[in-house]
Amino acid sequence: MLRFPLRRYLAGMRRESLGLLEIALPSVCLLCRQMPSRPGTFCAACLLGMPPVASPRCPRCDLPFTAMDGSDHLCQACTLLPPPFLWARSAGLYQDSLRRAVQRFKFQGEFNLDRPLAHLMRGMLQQSLEEFKADLLVPIPLFRRRLCQRGFNQSLLLARALRLEGLPIATRLLRRVRETAPQSGLKAFQRRRNLRGAFALEKSLRGERVLLLDDVMTTGATARECSRVLLSGGAGAVAVAVLARASLHA
Ligand SMILES: [Zn+2]
Ligand SMILES: [Zn+2]
């Protein structure tokens, strides 16, 4: 007779002590969910796995070179076919922890990763942005069907989390008017061809300086095509901010 109430009493104790433990314990990293970190941030170990693109890199498209030393210089793609944007800057390399975080943010709907990821971007962009003096922030749009499937546009979430003061976010200016085949597995020139005619401007611009925002840059084909559309629609200049920089060989 006594066993039931006693068990229930002990179970209650366990629940209560667990609750107390949760309050007493420091919060854990949003990515590994193990190491302590300030609420809503990544732990030091995960941050180490999010290295920035270091020199030598291409100053136009942020592509890292495999050489460990040497100065920044244009990559082959930017030399052969200069991109329409002035520069692209990423928060880090699309590998290790950053790749994991981007994938969880993008494909598993872990929206609470937006702020720590935006924080990484802000740190990397600060100097370039001060020099660029953007008038508009334009997140790269998704095609309607993709947006319906996913339920959100990751670039728009990042744009909002960036909280760049005084920089309006243009959510409807650039539209994706044609669905395109997935870019993965395509070579750079195939990616460019695949995207032709995929974007359109809702209205023309009058010389505004646009900061384009995307989550991952691989060949830069999407950023190139969006920049081309923006410039031919009257933008004064375009620069690109991305969360993670991948290379085709990464
Ligand atoms: Zn961690
Ligand atoms: Zn380049």
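For reference, positions follow the sequence shown, starting with 1. All ligand and atom numbering here is 1-based and tracks the order in the structure.
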>> Can you check the angle at the Zn ion (ligand 1) formed by SG of C29 and SG of C32? Round it to the nearest 10°.
In response: 100°

> Between SG of C43 and SG of C46, what angle is found at the Zn ion (ligand 1), rounded to 10 degrees?
Replying inline: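 SG of C46 and SG of C43 make an angle of 110° at the Zn ion (ligand 1), to the nearest 10°.
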
>> Salt bridge check, E110 against R104: does any charged N sit closer than 4.0 Å to a carboxylate O?
In response: yes

> Should D72 and R57 count as an ion pair when the cut-off is N to O under 4.0 Å?
Replying inline: yes

>> Within rounding of 10°, what is the angle whose vertex is the Zn ion (ligand 2) and whose arms end at SG of C58 and SG of C78?
In response: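 With the Zn ion (ligand 2) as the vertex, the angle is close to 110°.
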
>> Pair R122, L164 - check side-chain contact (heavy atoms from CB on, under 4.5 Å), show working.
In response: CA-CA 8 Å; R122 227 180 2 249; L164 295 172; 4.0 Å; yes

> Heavy atoms, side chains only, cut-off 4.5 Å: are V210 and L174 in contact?
Replying inline: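 The answer is no; the side chains never approach within 4.5 Å.
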
